[in-house]
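Shown below is the structure under consideration.
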Amino acid sequence: MEKNKVRGLNPEALAYAGDAVYELFIREMLLESGTARVTNLHRRATGYVRAQAQAKAIKGIFAELTETEQALVKRARNHRFHSKAKNADPVTYKWATAFEALIGHLYLSEERERMIYIMKKAVEITEGKVREDGESC
């Protein structure tokens with residue numbers, strides 16, 4: 001997609017794309033780990049893609065983001081969304097949606113290397129390999 005068109009998308013649309021991209025990234029990662037039972041795959045995937053994990057991840061990586069990425073995250077976090085979280089408080093949901101918007105933006109802008117770096121870092125933060133403040137454990 002053209003960068004101008006990506007910049008023109010609202011945070012909700014970017015989050016829509018980012019949600020799908022991150023979910024697929026996590027599913028592929030889990031399949032590569034050798035887990036075969038679908039119920040186990042689903043349970044493990046939920047630990048990464050739930051709002052609490054995504055909010056923790058974006059907060060943990062925020063300082064590493066470029067100024068442009070930080071501005072996008074802030075814009076997405078402050079955007080008035082029309083959907084409501086099922087299992088998260090509104091603040092956590094906004095942070096999680098900001099994470100998804102960033103992933104969606106990077107994907108649609110074809111910044112795949114950066115996107116993969118951020119998703120891998122999010123996994124490390126979720127797994128507790130990196131503290132929420134970005135420092136290694």
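Residues: numbered from 1 along the sequence shown. In this text, all values refer to a predicted model and were calculated from it rather than measured experimentally.
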Margin query: Measuring from atom CZ of F62 to atom CZ of F99, what distance do you get when rounded to the nearest 0.5 angstrom?
Written below: 14.0 Å
Notebook entry, point to check: Is there side-chain contact between L65 and L72, with at least one heavy-atom pair below 4.5 Å?
Noted result: no
Item checked: T126 side, atom OG1; K56 side, atom NZ - distance, nearest 0.5 Å -> 7.0 Å
Checklist line | Exercise: identify the closest heavy-atom pair between V49 and Q54 | finding: O-NE2, 3.3 Å
Notebook entry, point to check: Considering residues at least two apart in sequence or located in another chain, which fulfil the salt bridge (Lys or Arg N to Asp or Glu O under 4.0 Å) criterion with R112?
Noted result: none
Check: Tell me the salt bridge (Lys or Arg N to Asp or Glu O under 4.0 Å) pairs involving residues 95-111, sequence neighbours left out?
Finding: K3-E111
Note to self: I'd like to know if the side chain of Q52 pairs up with that of Y93 as donor and acceptor (distance under 3.5 Å, no hydrogens or angles considered).
What the structure shows: no
Notebook entry, point to check: Of the options E69, K121, M119, E124, which is the one that meets I61 in a side-chain contact (heavy atoms from CB on, under 4.5 Å)?
Noted result: K121
Return all side-chain donor-acceptor pairs below 3.5 angstrom for residues 16-25, not counting sequence neighbours, or 'none' if the list is empty.
residue: E23; atom: OE2; partner: R27; partner atom: NE; Å: 2.8
residue: E23; atom: OE2; partner: R27; partner atom: NH2; Å: 3.1

Check: What closest approach, in Å, do R114 and T66 show between heavy atoms, and which atom pair accounts for it?
Finding: NH2-N, 4.0 Å
Item checked: R75 versus L9, closest heavy-atom pair with distance -> NH1-O, 4.0 Å
Margin query: Could you measure the distance from the CZ atom of R77 to the CD1 atom of I58? Nearest 0.5 Å is fine.
Written below: 10.0 Å
Check: Mind checking what makes side-chain hydrogen bond (donor to acceptor under 3.5 Å, both in side chains) contact with Y107, not counting sequence neighbours?
Finding: none
Checklist line | Contacts of T92 that satisfy side-chain hydrogen bond (donor to acceptor under 3.5 Å, both in side chains) - sequence neighbours left out | finding: D89
Next item on the list: Using the test side-chain contact (heavy atoms from CB on, under 4.5 Å), find all partners of A71 that sit at least two apart in sequence or belong to another chain.
Entry: none
Next item on the list: May I have the step-by-step check of side chain to side chain contact (heavy atoms under 4.5 Å, CB included) for M115 and L102, ending in yes or no?
Entry: CA-CA 8 Å; M115 178 190 72; L102 175 61; over 6 Å; no
Check: Are the side chains of P11 and H105 in touch, meaning some heavy atoms are under 4.5 Å apart?
Finding: no
Next item on the list: I would like to know whether T46 and H42 meet side chain to side chain contact (heavy atoms under 4.5 Å, CB included); could you show each step before the answer?
Entry: CA-CA 6 Å; T46 301; H42 178 71; 3.7 Å; yes
Note to self: Measuring from atom CG of L41 to atom CD1 of I26, what distance do you get when rounded to the nearest 0.5 angstrom?
What the structure shows: 12.0 Å
Next item on the list: Working to the nearest 0.5 Å, report the span between CH2 of W95 and NZ of K59.
Entry: 6.5 Å
Next item on the list: Verify the distance criterion only: is there a donor paired with an acceptor across the side chains of Y48 and E127 at less than 3.5 Å?
Entry: yes
Margin query: For A98 versus A76, what's the shortest heavy-atom pair and its separation?
Written below: CA-CB, 3.7 Å
